[in-house]
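Heavy-atom basis, side chains included; hydrogens, waters and symmetry copies ignored. Computed from a predicted structure; not experimentally measured. Every number for a ligand or one of its atoms is a count from 1 in the order of the listing.
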Amino acid sequence: MKSYKIEAPQLSWGADGVPRSNQFDDIYFDQKSGLEETHYVFLENNQLQERWQALASSDTPNSFTIAETGFGTGLNFLCAWQLWQEISQQNDSKLAQCRLHFISVEKYPLTQETLKEALKMWPSLSHLSDELITKYPLLCQGLHRIELDQGRIQLSLYFGEAADGFTSMNANVDAWFLDGFAPSKNPDMWNEDLFKQINRLSQVSTTFSTFTAAGIVRRGLQSAGFEVQKVKGFGHKREMAIGIKKEQALSFSQRQAEGQAWYTNRQQTPSQVDKVLVIGAGLAGCHTARALANKGIKVDLWDSHQTVAEEASGNAQGMLYPKLASQDTSVNRFYLSSYLFANRQLNQLDQKGAIIWQQTGLEQRPTSQNEATKFAKLIAQDLYPNTVVKAADNHAIFLPLSGWVCPKKWCQSLVDHSNIQFHGHHTLNTLKRTENTWEASAKVKGESELKVQHYRYVVLCTANHKAVSDQWVNLPTKAIRGQVSALTLTEPLALNQVLCQTGYVSPPIENTLNFGSSYGLNDLSTDVTLEDHKSNLNKLAELLPDFDCLDKENVCTGRVSFRCTVTDYAPIVGPVPDKEKLVNRYKMLGKNAKWRTDDIMESHPGLYINLGHGSRGLISTPLSGEYLANLILQETSVYERSIENAIHPARFIIRALKKGL
Ligand code: SAM
């Protein structure tokens with residue numbers, strides 16, 4: 001059974017403040033020449049200055065991706081970021097319009113405290129290292145995305161074994177920093193799988209540099225298609241190795257798909273991304289719009305309502321409530337990485353005086369003996385770090401990273417960006433494909449003529465509103481009615497964390513206690529009912545036995561909305577498939593479900609979807625918005641590959657094909 005726990009390194013600190021790894025019996029950097037060594041070995045030998053200068057003066061500057069083995073103290077990363085920033089700030093530099101992606105893997109990640117201790121050594125980098133330390137993720141196995149320098153720097157940090165990390169990723173790497181301790185001290189890392197992944201993630205002209213010139217490393221890189229050369233090493237080291245990739249037989253999409261070509265999510269011939277139309281201004285739409293806007297893309301955001309978050313994302317209080325499974329599945333990995341990301345985003349939010357989020361922790365109490373046994377198993381299995389979940393009294397579990405959010409205020413703060421134009425009272429009427437663009441028409445309140453606009457990129461975040469999306473793809477979503485209730489408190493209530501059992505209750509805000517929620521299958525009525533208030537009050541009584549819930553249904557206020565849920569409990573995020581072509585191209589799956597092909601097929605060009613987040617949108621939409629922005633811009637993905645497939649819009653068609661339906 002795989003665990004999400006990850007081991008921190010055993011360190012000893014020299015009198016000079018240099019950390020040494022006891023596992024590998026080697027230092028992380030040299031106190032006198034650490035900075036120069038990084039500059040020489042990795043920056044100069046990958047010719048980053050020259051390459052970035054060229055990018056800075058190009059008419060169409062692209063983003064640049066570095067991948068590293070062994071994040072350690074992040075020194076190499078910080079030096080690369082510093083150089084990128086210097087070149088971005090030069091006169092007429094166009095580098096500020098694109099992003100540096102830095103991918104790194106780390107089997108024994110430093111804790112936030114030890115990272116801080118180690119980076120004290122480099123005051124010249126403190127303006128960057130302070131931000132890295134603040135945003136550094138919790139030690140939890142898997143892929144973490146950290147946005148730095150207002151989104152100009154994107155760090156993808158995989159905590160775990162190097163080869164596993166790269167196997168799980170989708171990226172197009174421009175330069176490799178092959179660090180990690182020397183093969184003599186760390187033979188396990190420099191293995192065949194690692195070189196195979198370096199090959200898969202590299203394109204023609206990708207370079208590498210490494211401090212070592214060991215034969216096993218040079219041979220491995222030659223087998224990965226690099227032309228390898230020995231050059232002078234740093235300081236007293238005689239030699240090191242560098243190289244360039246000369247050929248790559250497969251396209252980026254084929255290298256990603258590895259036989260499962262139906263799950264490609266990149267466009268084969270992407271057109272320039274100027275402006276994107278996002279339809280639907282709930283959590284999914286607002287996060288998608290903001291992620292694009294942060295990357296310099298102009299966004300038109302349409303919604304039928306006058307303001308943002310008027311439907312399922314509009315409750316007064318929502319909670320960060322992941323359902324953590326006791327098994328390591330792709331869907332669980334999706335929710336776990338999304339949850340950690342959402343928590344980091346919320347903690348970094350400038351709340352500007354309005355309280356949007358409070359990390360109060362959440363106690364989840366078992367609803368039955370069966371669930372109590374499940375929780376006990378979850379804790380006993382030791383699957384999660386106790387910073388994520390731990391045992392609480394009376395067979396409950398406690399999630400310290402959770403708390404409550406005011407979703408509407410969050411959405412409002414997300415769209416408050418100069419690149420986002422929110423258009424309220426715009427109801428999508430039709431979406432047609434013209435030769436190169438999408439023609440979207442909207443009914444605008446108060447106007448008799450339809451408003452018609454053209455876009456190369458459209459993202460549908462339209463939840464249960466399927467009239468238009470159904471023309472392009474028919475998805476198995478279901479609207480489930482939920483009524484929340486609220487009570488004005490007449491005396492203070494000592495409740496300082498979110499409680500969940502059959503229902504949930506959040507700590508009161510402004511003397512109002514918000515609790516819920518009903519679950520109405522096959523009920524599309526929008527009326528607030530006394531019956532649902534009663535059922536919510538019963539659930540509240542279970543959570544707060546001393547609170548007088550009796551006959552309060554008449555004084556409750558309430559709100560009804562509809563969750564957009566999906567049959568397999570994962571949202572639907574990615575490119576919109578062309579069903580007819582998909583079925584035709586991959587019909588072999590009907591005969592042989594294990595069939596594999598690299599024959600990639602285009603989805604509808606520039607059309608994406610982000611919906612089906614059910615009642616977990618507060619957790620899943622921050623990262624799904626980021627994912628779509630990176631997909632549209634052809635950049636490194638925030639998700640592991642198995643997650644991308646688990647949320648792919650084509651998955652239902654593929655599953656049906658495999659079953660011969
Ligand atoms: N690049 C780092 C920096 O800038 O501070 C220094 C890296 S340090 C010399 C080597 C790192 O590789 C250590 O942090 C070590 O834990 C990590 N490492 C060693 N073996 C690994 C493996 N198999 N998978 C992932 N990381 C590994």
Give the protein residues with at least one non-hydrogen atom closer than 4.0 Å to an atom of ligand 1, ordered by chain and number. F24, Y28, E68, G70, F71, G72, T73, G74, L75, N76, E106, K107, Y108, G160, E161, A162, D179, G180, F181, N186, M189
Would the F341 and H144 ring centres measure less than 6.0 Å apart? no
Checking T207, N199, V204, I198 against K245 for side-chain contact (heavy atoms from CB on, under 4.5 Å), the one that qualifies is N199
What pair of heavy atoms forms the shortest contact from L128 to Q85, and how long is it? CD2-OE1, 3.7 Å
Exactly one of R99, K295, R290 should register a salt bridge (charged side-chain N to carboxylate O under 4.0 Å, His left out) with E626. Which one does? K295
Hey, is E147 close enough to R145 for a salt bridge, meaning N to O under 4.0 Å? yes
Only one of Y608, Y263, W262, Y639 passes ring pair (Phe, Tyr, Trp, His ring centres under 6.0 Å) with H648, and that residue is Y263
